Q: 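Below: one structure in C-alpha cells.
Since the structure is predicted, the reported quantities are computational estimates derived from the model, not experimental observations.
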Number of protein chains: 2
Amino acid sequence: MTAQETSETLSPRIGASLLEARKRAGFSLDELARQSGVSKSILSQIERDRTNPTLATVWRICAALEHPPEALFRAGVVEKPAGIVAVSANATPEVRSEDGLCCLRILGAIETVESVQWYEFAAEPGGLLDSAAHGAGSMEHLTVTEGRLTVTANGETRTAGPGETLRYATAEGGHRIVNDGETPARALMVCTL
Amino acid sequence: MTAQETSETLSPRIGASLLEARKRAGFSLDELARQSGVSKSILSQIERDRTNPTLATVWRICAALEHPPEALFRAGVVEKPAGIVAVSANATPEVRSEDGLCCLRILGAIETVESVQWYEFAAEPGGLLDSAAHGAGSMEHLTVTEGRLTVTANGETRTAGPGETLRYATAEGGHRIVNDGETPARALMVCTL
DNA sequence: AACATATGTTCGTTATACGGAATATCAGAA
DNA sequence: TTCTGATATTCCGTATAACGAACATATGTT
C-alpha cells in the first residue's frame, strides 16, 4: 500500500484545507515552516496529500495557522434510539487510577461524549486521581456521597464531605482528587464542556 | 528530543481519552485492533502516550470506536473562571414528589440548566415520580445505586437494580419512576438536552 | 496447586515521516 | 536574454511509527 493510497482512502484529506488555511493566513511554506517548526518539505508533502502526517505535526501546523484542528474533520452521524435501553452493572466500563486505589465507572452514554460525561467515583483511603486538562470551557462537578475527598484545581484546594459539591474549571492545567481520609470515599462526577 | 517529550509537549495528550473511549465501547486491545486495522501494540503505546501517532492511525481508531475525532482536539484558546466553588449539603435544593415519598436533590449547576441537569434521586418504598415530557431530543439516564426502581417511558417498562443504568427519551409523553420494592432506593439521574 | 483464557506490554524488524540541502519553477528588473 | 529574489518541489540520511510475535499479567476453572 502506497502513501498516496493510505492518505487518500484511510484518512481525511487535509491537504487542501491546510493549503487554503495557509493562503488565508498569507504564509509561504518557508514562513509557515519557521512559525510552526515543521520543515517546509513536509509541509509541501502534506498539502499535496503525499504523506500521512503525525498528530504532533498537524497540531503544530494548526497552532501556527491559528486554525482549529477539529475543522479538518468532517464526520458525525448520530441516531437516537426509542424505548428504554438498559445497561447492566458489569457492562458498565471502569477505569482505574495509576495507584489502583481509585475507580471511575463510566455511566454516561456514548452519544453525549462531546458535551457531557458522568461517572461514579470511588477511592480507597490514600487513593489519588490525577487528571490532565480537558477541553476549553470544561467544568467538573464532584458531589461526595460517602467519606471525604480533597480536590486541587486552579491552584486551590478544598475538601468536601457527604452531600457537598465542588465545581471547578478543568481547562487550565491538571487537577487532582485525593481521599486523604481513613475510610473509602464515593462521589458522583459530572464533566461538562 | 524523545518521543515522550514530543507527545507530551507538542501534541495533544489523546491517550487517556482514547483509552476511555475504548472502555466505553467495551473493546479489548485485540478487538479494537481487529476492528480498526491498527496493531494492538501501537494501540497500547498510543493509549499510554508513548508514541506520536499518524493521522491515519488516529482516524481508523476513531472510526472503529465511533468516537468523533474532533473530541480529541481540545486545546485551550479560551479562558475560564479559576478556583473551586463549594456547595454545602444544605445549600443543595431539593424537590419532592406529590406523594412525598420521592426526593430529588438538584446537583447540577445553574449555568448548565439549558443543556444538562442532574439529580440524586431517593425513593421510599411505594414512592412514585411522574414527570411531564421534556424538550425535543431530551434523554434521561438513571443509574441505580441502591434498591430497585421501575421506569415506564415510551410505552416500555423496565426494572433496574444497583449498578444498572436505564436510558430513555423523554421528549414524547410523560414518564414514571416507581420504587415497587420493599427497601428505599437511590439513583443518579441525568437529563440531557 | 496447575491449567486455560483473556487481557495488556515489550521486543525485533520494516516501512516511512521528518529535517536539511539541493533542485526546480516563476516572477519582475536591468 | 541574464540576473536576481521568492516561491515550491525533490533527494537523501536519520529518527521513529507501525507491525507481528513473543512475553507478561491477571482472572477464573478443574
Q: If you check the A/N52 side chain, which of C/dT9, D/dT9, C/dA17 turns out closest?
A: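 It is C/dA17.
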
Q: Check the distance between D/dT7's P and A/E47's CD and give it to me in whole angstrom.
A: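 In whole Å, D/dT7 P and A/E47 CD are 13 Å from each other.
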
Q: Which of these passes side-chain hydrogen bond (donor to acceptor under 3.5 Å, both in side chains) with B/T150: B/T157, B/T159, B/N179?
A: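 When B/T157, B/T159, B/N179 are each tested with B/T150, the side-chain hydrogen bond (donor to acceptor under 3.5 Å, both in side chains) holds only for B/T159.
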
Q: A/L32 CG to C/dG19 P: how many Å, rounded?
A: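 Those two atoms, CG and P, are 11 Å apart.
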
Q: In this structure, which one of A/D130, A/L128, A/L166, A/L149 forms a side chain to side chain contact (heavy atoms under 4.5 Å, CB included) with A/I177?
A: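 The option that passes is A/L149.
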
Q: Atom CZ of A/R50 and atom P of C/dT16: how far apart are they, to the nearest Å?
A: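 Going from A/R50 (CZ) to C/dT16 (P), I get 13 Å.
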
Q: Applying side chain to side chain contact (heavy atoms under 4.5 Å, CB included), run through B/I46 and B/R48 and close with a yes or a no.
A: CA-CA 5 Å; B/I46 292 174; B/R48 287 173 296 133; over 6 Å; no

Q: Using a cut-off of strictly less than 4.0 Å, decide whether A/R60 has a side-chain nitrogen or oxygen near OP1 or OP2 of C/dC18.
A: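 Indeed not, no polar side-chain atom of A/R60 lies that close.
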
Q: Let me know the distance between CD1 of B/I61 and C1' of D/dC19, rounded to the nearest Å.
A: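 Spelled out: CD1 on B/I61 to C1' on D/dC19 is 13 Å.
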
Q: Per the salt bridge (charged side-chain N to carboxylate O under 4.0 Å, His left out) rule, what does the pair list look like for residues 29-39 of chain A, sequence neighbours excluded?
A: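 Passing the test, one end in residues 29-39 of chain A: A/D30-A/K40.
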
Q: Given the rule in the salt bridge (charged side-chain N to carboxylate O under 4.0 Å, His left out) test, do B/R158 and B/E156 qualify, once you have shown the distances and angles that lead to the verdict?
A: CA-CA 7 Å; B/R158 302 194 70 143; B/E156 204 176 332; 3.8 Å; yes

Q: Describe, as an angle rounded to 10 degrees, how the axis at the first end of the helix from C/dA1-D/dT30 to C/dA30-D/dT1 is tilted relative to the axis at the last end, five pairs per end.
A: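 The angle, to the nearest 10 degrees, is 10°.
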
Q: Grab the CG-C1' distance between A/D30 and D/dT7 for me, whole Å please.
A: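 Spelled out: CG on A/D30 to C1' on D/dT7 is 8 Å.
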
Q: At less than 4.0 Å, is any side-chain N or O atom of A/T57 found next to OP1 or OP2 of C/dC18? Yes or no.
A: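 Checking C/dC18 against A/T57, a side-chain N or O does come within under 4.0 Å of OP1 or OP2.
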
Q: Establish, with yes or no, whether the OP1 or OP2 oxygen of D/dT9 is under 4.0 angstrom from a side-chain nitrogen or oxygen of A/S44.
A: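 Affirmative; the distance criterion is met.
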
Q: Check whether any side-chain N or O of B/R48 sits under 4.0 Å from OP1 or OP2 of C/dT10, and answer yes or no.
A: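 It does, given that an N or O in the side chain of B/R48 lies less than 4.0 Å from OP1 or OP2 of C/dT10.
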
Q: Report each atom pair, protein N/O against N/O of nucleotides 20-29 of chain C, whose distance is under 3.5 angstrom.
A:
from	atom 1	to	atom 2	distance (Å)
C/dG20	O6	A/S41	OG	3.1

Q: Does A/I42 belong to the same Ile/Leu/Val/Met/Phe/Trp/Tyr cluster as A/L19, with side-chain heavy atoms less than 4.5 Å apart forming each link?
A: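 Different hydrophobic clusters.
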
Q: Considering heavy-atom distances to DNA chain D, does A/F27 or B/P53 have its closest nucleotide positioned more toward the 5' end?
A: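 Closer to the 5' end of DNA chain D: A/F27.
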
Q: Classify the side-chain pair A/T54/B/T54 by whether it contains a donor and acceptor separated by less than 3.5 Å.
A: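 There is no such pair between these side chains.
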
Q: Without decimals, in angstroms, what is the distance between B/I46 CD1 and C/dT9 P?
A: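 The answer, rounded to whole Å, is 13 Å.
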
Q: With salt bridge (charged side-chain N to carboxylate O under 4.0 Å, His left out) as the test, would you mind laying out the steps for A/E140 and A/R167 before giving the verdict?
A: CA-CA 6 Å; A/E140 202 162 287; A/R167 310 184 195 279; over 6 Å; no

Q: Backbone N or O of B/P53 within a donor-acceptor pair of the B/T51 side chain at under 3.5 Å?
A: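 Not at all, since once roles are kept as given, no pair shorter than 3.5 Å links the two residues.
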
Q: Send over the distance from B/R34 CZ to D/dG20 P, rounded to a whole Å.
A: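 The distance from CZ of B/R34 to P of D/dG20 comes to 14 Å, rounded to the nearest Å.
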
Q: I want to check one thing: is the phosphate of D/dA17, taken as OP1 and OP2, less than 4.0 Å away from some side-chain N or O of B/T54?
A: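 So the side-chain polar atoms of B/T54 never come under 4.0 Å of the phosphate oxygens OP1 or OP2 of D/dA17.
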
Q: Would you say the ring centers of A/H141 and B/W118 fall short of 6.0 Å from each other?
A: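 Close enough - the centres of the two rings lie under 6.0 Å apart.
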
Q: Tell me: CG of B/L55 to P of D/dA18, nearest whole Å?
A: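 Computing the B/L55:CG to D/dA18:P distance gives 10 Å.
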
